[in-house]
Amino acid sequence: MAAKFSTALDIHCSIPYTSDTKSSRLAIRRFTILCNNSTSKSPKNVNLDIDSPRKQTPSLSEQLKPLTNTILDDPPNQPRILSKPKSTWVNPTRPKPSVLSLERQKRSSYTYIPQIRDLKNFARRLSECHFSNDAFLAVLEDIPHPPTRNNALLVLNSLRPWQKSILFFNWIKTQNLFPLETIFYNVVMKSLRFGRQFELIEELAFEMIDSGVELDNITYSTIITCAKRCNLFDKAVEWFERMYKTGLMPDEVTYSAVLDVYAQLGKVEEVMSLYERGRSSGWTPDPVAFAVLAKVFGAAGDYDGIRFVLQEMKSLEVQPNLVVYNTLLEAMGKAGKPGLARSLFEEMVDSGLSPDAKTLTALIKIYGKARWARDALDLWERMKLNGWPMDFILYNTLLSMCADLGLEEEAETLFDDMRKSDHCRLDSWSYTAMLNIYGSVGNAEKAMALFEEMSKVGIPVNVMGCTCLVQCFGRAKRIDDLVKVFEVSVQRGVKPDDRLCGCLLSVVSYCKGDDADKVLACLQQANPRLVTFVKMLEDESTSYEIVKEEFRSILTNTSDDARRPFCNCLIDICRNRNRAERAHELLYLGTVYGLYPGLHTKTPEEWRLNVRALSVGAAQTAFEEWMRTLARIVQSEEEQLPEVLSANTGAGTHKFSQGLANAFASHVEKLAAPFKQSEEKAGFFIATREDVVSWVQSKAAAAV
DNA sequence: CTAGGGTTAG
């Protein structure tokens, strides 16, 4: 009997598909406000006054602030509007606010240089020479043509890494042959960006300001993206604001760079605000901007936001490119919409675009997490048939998908292909995916062989691999192997996390005597408080108050996604150690602490107990609790039962986790409760009101 | 990396 929740499989494989669209509501509401309020709400706050460059314009954050206040004043249930935004700027005394220039900055035209070959070779020598000043100067002696403006620019453009770019730049400066225009700074900055040298970039920028060299949109976007890559987001915003203050309008490249800054910070509100103000300035965003929008909604798992992006592109007649599709597909996955991802992919292929490895990685991952075996395998076939591009991440994603779907043979074939392949190597991801499969199917022999192979080829086991192995050996009751693998992993640097502890705890729940003690000894190293708590639960004399306090404190120190597994395991432990009432206490506490949202749902026609996220023991406990409640209601006649009562265990779409429905069925039978497994709805147990009422009455009669 | 923006893995 496999405890559904407590398998490492469930711990690892359940993607936190979130249906929470709070952020989108906010974003869309914000969007609505932005569409409507420009006529009524004080426009001075949104207006970037460019007509008087001497007057300092308010900074971006100052401008955002009043908008934030506006949204807080908004009635909470305003309907969402996803229509094409219309500019409604009608205040004649003020100009239409403009936040970006609709013209991209022009780039200087390319000048042909006949001695390009010589200079490129020279640049390569500079790039390859020693980093010391002397070595560099020695090569400089051999410059094949005089360092005119264009020659110097060409060399500078071909130089890497950044240290060399700086050396050459400084050398040109000392030569004093021509003024250093903006483009020279821009080229050096780009090189510095590759080296993530934000401080040096900023130094150069100040040098430009001091010496009166103009900073243009290319300069700013380079500074901003460098700050972004160095995770200096406040710096990125600071430079964006600085450009307004100097009277320079960002063009769409700089603008979408900043959109992405907010996107990476997860600030949906700010992204939407900037986007909307760009739109009302007459901007038609290009695919890059839409990719940024898609990313921000994807990160928030926000389906409404994704729909908004699609609709915007449609109404503005912007054709998505491959990157936009890839980002949208990824976003669909995060929003838990595998079906829509599938149709979006077909739309993409129909439009004539060919998927790349990233596209396929996103889709395969989505199908795997959704347990859509048919679609995953069909796509895999199509990939092979069409010769669509693969890379090592896609290979590993296919392996993980096999783990999600329990495709042991397919995974082994792929694993061997990868082993033989020249263009991809087995790495820790590949091995971990295989360990996940063997852990799921309970193939302890192969799991052990793989573990030994890993140490032989020098690929360290990570915490997830260790968890899979613990699960595998626990299920196989090979407790000595479990202990060995745990000890070795910890010695080699694996830091046990809450998932691993949950897995150990689940093994404890179905082990007895010595075996349980051995596993508890492992758990003792990883989480001693949990072991103490298990002992408290077993001890009859522990009071409810103490259990409650200690449990709360343990949960507080447990990561979110491991809390329910912990509670499930602890309930199982109580039931398997003859502490049934304590199991009821823990279930009650778990419910109070919000670990089982929606456990019981009511409509006028039907009351339902949802035990899909519960372990076998927890599901049994919940069912008993429910029966007690129903009996009390029937006897006290305080409330009318609905026509239908049902319990949902889930059908166990996962190949290896179909144990819950069976265990539940036998528990129902043991209690002689009148619930029947539904023929047409898999995973449902159903009783009518009459059944329950007469069952309660006959039990009451028997008790007299 | 040929002066600037966006996308892949428990």
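To find a chain, count down the sequence lines: A is the first, B the second, and so on, and within it residues start at 1.
Residue V324(A) is classed as a base contact, given a heavy-atom separation below 4.0 Å to a base.
Atom CD1 in I364(A) sits roughly 13 Å away from atom C1' in dT8(B) (whole-Å rounding). A straight line from CG of D260(A) to P of dG6(B) spans 6 Å, rounded to a whole angstrom. In this structure, the CG atom of L153(A) is 8 Å from the P atom of dA3(B), given to the nearest Å. Nucleotide dT7(B) holds its P atom 18 Å from the CG atom of L363(A), rounded to whole Å. Between N121(A) atom CG and dT2(B) atom P there is a gap of 18 Å when expressed in whole angstrom units. Between the P atom of dG6(B) and the CG atom of L353(A) lies a distance of 20 Å, rounded to the nearest Å.
Here the nucleotide nearest the side chain of R229(A), chosen from dA3(B), dT2(B), dG6(B), is dG6(B).
Rounded to the nearest 0.5 Å, atoms CD1 (I306(A)) and CD (Q311(A)) are 13.0 Å apart.
Here K106(A) pairs with E103(A) under the side chain to side chain donor-acceptor pair (under 3.5 Å) rule; sequence neighbours left out.
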Just distance, no hydrogens or angles: give the donor-acceptor pairs under 3.5 Å from side chains in residues 283-299 of chain A, sequence neighbours left out.
{"residue": "W283(A)", "atom": "NE1", "partner": "E252(A)", "partner atom": "OE1", "Å": "3.1"}
{"residue": "D286(A)", "atom": "OD1", "partner": "V288(A)", "partner atom": "N", "Å": "3.3"}
{"residue": "D286(A)", "atom": "OD1", "partner": "A289(A)", "partner atom": "N", "Å": "3.2"}
{"residue": "D286(A)", "atom": "OD2", "partner": "R104(A)", "partner atom": "NH2", "Å": "3.3"}
{"residue": "K295(A)", "atom": "NZ", "partner": "D260(A)", "partner atom": "OD1", "Å": "2.4"}

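Taking atom P in both dT2(B) and dG6(B), one finds a spacing of 14 Å when rounded to whole Å.
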